[in-house]
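We're numbering straight along the sequence, starting at 1.
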Amino acid sequence: MASIESRGIVLRVAVNVPLMRCFDYLPPADAASASRLVPGIRVRVPFGHSTRVGILVGLGDAGSTTVDRLKAVNEVLDETPVLEGEMFALLNWASAYYHHPLGEVMMTALPVLLRQGEPAVVAPVPYVRIPPDRAADDAATLDRAPRQRALVRYLRGHPEGIAEDELLRTMPGSRPYIKALSDKGWLERFSGQAPASPESLPGPELTTAQTTAVEGLIAALPEFSVSLLNGITGSGKTEVYFRIIEAALALGRQVLVLVPEIGLTPQLIARFRSRFRCQLCVLHSGLSAGERLAAWCRARSGEASIVIGTRSAVFVPLKAPGVLILDEEHDPSYKQQSGFLYHARDLAVMRGRELGVPVILGSATPSLETLHNVARGRYREFVLPARTGDSVLPAIEIQDMRAQHVEHGLTRRMIETMARHLEQGRQVLVFLNRRGFATSLVCHDCGWMAGCRHCDTRLVLHRRRHELRCHYCGYRQGVMDQCPECQGTRLRALGFGTERLEEALNQAFPDIEVIRIDRDTTRRKGALDEILGNVRDDRPQILIGTQLLAKGHDFPNVTLVVVINADQGLYGVDFRSSERMGQMILQVAGRAGRAEHAGEVVLQSYHPDHPLLTCLQGHDYAAFARSILEERRETGLPPYSNLALIRADSTQALRVQAFLEAVADQARAAPVPGVEIFGPVPAAIERRVGRHHAQLLLQSEDRAGLHRQLNGIAAALETLAARHRVHWSMDVDPIEIC
Ligand code: ADP
Ligand code: ZN
Ligand code: ZN
């Protein structure tokens, strides 16, 4: 029957290739498969000389098509769609909005095993727990085995059991202790999961501001709306999320919680786990492909009631969605920076609309886009203006660096301030957003500077490894003793990074442990957790970090936060530099004095009277944001206009230029009123990894107009790129334009 039905039809398939169009195929020969042909299923199709996995996106009438030229689908991979209803609609919208090929968009949304054509099912994972009959036993017999006792303590926090892999990740190196406990009958393995239970543990009594927010947000539960939860650090936003989650769970709904990459810490997950007894799945970059698929399946089946994940979790299917929560909504890690350049915040808002569920955006330092949407009445806003309990916001001091004696980036006064806190047994967090030892190596005699041979950048000196490294392409070489230009031997380190700061602080405070936390010290898997494990609340320590440290982790004994170079953002090249700087400073400031000790924040600056710094000094993010918004309004930048950036690169600069000029000509030939075209211009760092980069910027106050213009050049882009042999990408709503 089905084969007869399917005779006159053509299947439209989105294939994972960088081309905007979809491809037509004939139905597979076997009747059994043909009956399953519904949009959203995966099919394996012949493509060029090989086969690819694609998504069936539509069925058409063979009608006018020259059917005899078409090939048949090789295989139907799914019984039921992997991309259903709202997700299917969302991805179609996203492909059109971001002007990105539908096949790539759809594949980005799927776990990697599904992209490869593996079945959308999970093998049961081994779980471990304390046998229920030993739950109340005294663990004193384990007194001489502290690691085992620690495991028992941890497992008692998870009476429902925990996946063995996850346990091994949380407590690295615990495999032998798991075995020992299992031999003693303290631990049992079981497959699958204990059933979910909706109960949760009680939280603290809410503050008035929290109550208002919770009531307002719960009232919104059954339908779509977007709300900003605007609360300073430590104001209890997480507690508000918890109450909303409880309300959603009580309605039998699932909750999706998105957090920035750096925010997804064991601390946060432990907080969720100790509050909720329901099944919870966590999606982060450390998962294996199998675990990722398992989490995806558990969310889709409804087995997991709470799904927590980073950016790409915005695509996780939910059986009974109730609310979408995006914490630290201003965080740039929500924007995907390669391939399909989506913004998870914007997609979450669209998804909430498709699903008809509320979206909650939380932040202490909301993005200007979101504040603008609040001002226009599109988003609701709930403000948590004060910290909970007795903890107060740290005082922010701006230290004038002009005419000061500065050594390794630190003034004498700063060293004294640090000593004062350390002497009291407290910890100091020093923040510097630049890793390595020095920004460059320079010849004192002729001025030569070590540069990358593949990029227009200076090489960064990493002294400990005796290496010069390019932070763009990864090129590295040993440090030379002589200047290659003048053979002089007076090579000096110029500028400073975290490594140099570490050295300087080790010298200034020989008795104090200095812990450096940046990408160089945390590259290895599990290294970050290990280093954080060395941070001890009971002793003075100095923590040095890049933005890795700016959020997510609580350091209760940190009472002083030092920002070495607060000017970095004030005069940054990108139009978002100052916004980012302010957000970062207030976020790091939020790390200080969160427990019972009052905190202090010191910013070093050569422009201590800068009005933006003055706003930050008063913890007045609202005034800070207003001031920047005013500037953006005057200059017509987002959120007062919409941008799209077309980037291109090639080994030959002329090709890039010719391609982008041809694209600009196309656009100018069919102008859309209100759309301005800027460029092409070379990228801020023109040559990277041996390729020349340039860009074309399109700007319009009218979003629809901008998209009409982009649609007008979409077809030409592919042909022109092929002709000029360049790589190119389209970035709609770019977060950086330099
Ligand atoms: P945020 O997410 O806004 O930074 P948190 O939710 O982490 O703030 O709250 C900061 C601290 O205050 C946490 O230790 C939390 O347990 C506590 N807290 C939150 N709400 C209350 C409340 N209503 N009463 C007492 N303590 C609270
Ligand atoms: Zn020289
Ligand atoms: Zn390089």
Shortest non-hydrogen contact between Glu579 and Leu368, atoms and distance: OE2-N, 3.3 Å
Working for side chain to side chain contact (heavy atoms under 4.5 Å, CB included), residues Phe382 and Val214: CA-CA 9 Å; Phe382 297 95; Val214 167; over 6 Å; no
Main-chain N/O of Leu468 paired with Arg476 side-chain donor or acceptor, under 3.5 Å: no
Residues in side-chain hydrogen bond (donor to acceptor under 3.5 Å, both in side chains) contact with Gln210, at least two apart in sequence or another chain: Thr207
Separation between CG of Leu187 and CD1 of Ile130, rounded to the nearest 0.5 Å: 7.5 Å
Under 3.5 Å side-chain donor-acceptor pair for Gln427 and Thr559: no
Any residue meeting side-chain hydrogen bond (donor to acceptor under 3.5 Å, both in side chains) with Glu215, in chain and number order, not counting sequence neighbours: none
Heavy atoms of other groups near Lys179 NZ, more than 12 under 6.0 Å: no
Donor-acceptor pair, side chain of Gln148 and main chain of Trp186, under 3.5 angstrom: no
Closest approach of Leu283 to Ala313 (non-hydrogen atoms, all atoms of both residues): CD1-CB, 4.2 Å
Within 6.0 Å of CZ in Arg536, more than 12 heavy atoms from elsewhere: no
Val255 side chain near Val307 side chain, heavy-atom distance below 4.5 Å: no
Backbone N/O of Gly425 and side chain of Asn557: donor-acceptor pair under 3.5 Å: yes
Salt bridge (Lys or Arg N to Asp or Glu O under 4.0 Å) between Lys335 and Glu736, worked out: CA-CA 10 Å; Lys335 170 88 180 191; Glu736 277 168 355; over 6 Å; no
Derivation of the side chain to side chain contact (heavy atoms under 4.5 Å, CB included) call for Leu612 and Ile628: CA-CA 8 Å; Leu612 288 180; Ile628 299 183; 3.9 Å; yes
Side-chain touch Ile232/Leu384, heavy atoms, less than 4.5 angstrom: no
Full working for side-chain hydrogen bond (donor to acceptor under 3.5 Å, both in side chains) between Gln399 and Thr411: CA-CA 9 Å; Gln399 243 178 43; Thr411 61; 3.1 Å; yes
Glu503/Arg463 ion pair, N-O < 4.0 Å: yes
Partners meeting ring pair (Phe, Tyr, Trp, His ring centres under 6.0 Å) with His619 (sequence neighbours left out): none
Any donor-acceptor pair under 3.5 Å from Arg387 side chain to Thr233 backbone: yes
Whether Ser333 side chain and Glu261 backbone form a donor-acceptor pair below 3.5 Å: yes
Ion pair Glu600/Arg420, N-O distance below 4.0 Å: yes
Closest approach of Leu168 to Ser174 (non-hydrogen atoms, all atoms of both residues): CD2-OG, 3.7 Å
Under-4.0 Å salt bridge between Glu369 and Arg576: yes
Pairwise side-chain contact, Leu613 with Ser605, heavy-atom cut-off 4.5 Å (strictly under): yes
Side-chain H-bond candidate by donor/acceptor type, Glu423 with His421, under 3.5 Å: no
Check: Gln404 and Arg412 side chains under 4.5 Å, non-hydrogen atoms: no
Pair Glu499 + Arg465, salt bridge at N-O below 4.0 Å: no
From CG (Asn506) to CD1 (Ile512), nearest 0.5 Å: 10.5 Å
Summary of salt bridge (charged side-chain N to carboxylate O under 4.0 Å, His left out) pairs that have at least one residue in residues 606-628, sequence neighbours excluded: none
Donor-acceptor pair between Thr208 and Thr211 side chains, under 3.5 angstrom: no
Modelled atom types, side-chain donor and acceptor of Glu291 and Ser288, under 3.5 Å: yes
Ala364 to Asn230 - nearest heavy-atom pair and separation: O-OD1, 4.2 Å
Side chain proximity check, Thr417 to Leu560, heavy atoms < 4.5 angstrom: yes
Neighbour count above 12 (heavy atom, 6.0 Å) for Glu416 CD: yes
Residues which pass ring pair (Phe, Tyr, Trp, His ring centres under 6.0 Å) with His343, listed by chain and number, not counting sequence neighbours: none
Heavy-atom closest pair, residues Leu326 and Ala344: CD1-O, 4.1 Å
Salt-bridge criterion met for Arg464 and Glu502 (N-O under 4.0 Å): yes
Candidate pair Glu239 and Arg275, rule salt bridge (Lys or Arg N to Asp or Glu O under 4.0 Å), full reasoning: CA-CA 10 Å; Glu239 187 57 39; Arg275 186 65 172 265; 2.7 Å; yes
From Ser440 atom OG to Leu494 atom CG, the distance as rounded to the nearest 0.5 Å: 6.5 Å
Sidechain-backbone polar pair: Ser274 side chain, Ala270 backbone, donor-acceptor under 3.5 Å: yes
SB check Arg413 Glu397 (cutoff 4.0 Å): yes
With Phe624 via ring pair (Phe, Tyr, Trp, His ring centres under 6.0 Å) - residues at least two apart: Tyr621
Verdict with reasoning, Phe555 to Leu543, per side chain to side chain contact (heavy atoms under 4.5 Å, CB included): CA-CA 10 Å; Phe555 302 111; Leu543 320 178; 4.1 Å; yes
Note, Thr365 side chain near Gln587 side chain (heavy atom, < 4.5 Å): yes
Beyond-backbone contact of Phe272 with Val257, side-chain heavy atoms, under 4.5 angstrom: yes
Heavy-atom closest pair, residues Ala566 and Met581: O-SD, 3.1 Å
Separation of Gln617 CD from Ile398 CD1 (nearest 0.5 Å): 4.0 Å
Leu258 and Arg311, any side-chain heavy atoms less than 4.5 Å apart: no
Spacing of Asp567 atom CG and His607 atom NE2 [to the nearest 0.5 Å]: 4.5 Å
Between CD on residue Glu381 and OG1 on residue Thr370, distance to nearest 0.5 Å: 10.5 Å
Stepwise side chain to side chain contact (heavy atoms under 4.5 Å, CB included) check, Leu155 with Leu167: CA-CA 9 Å; Leu155 288 170; Leu167 180 62; 4.3 Å; yes
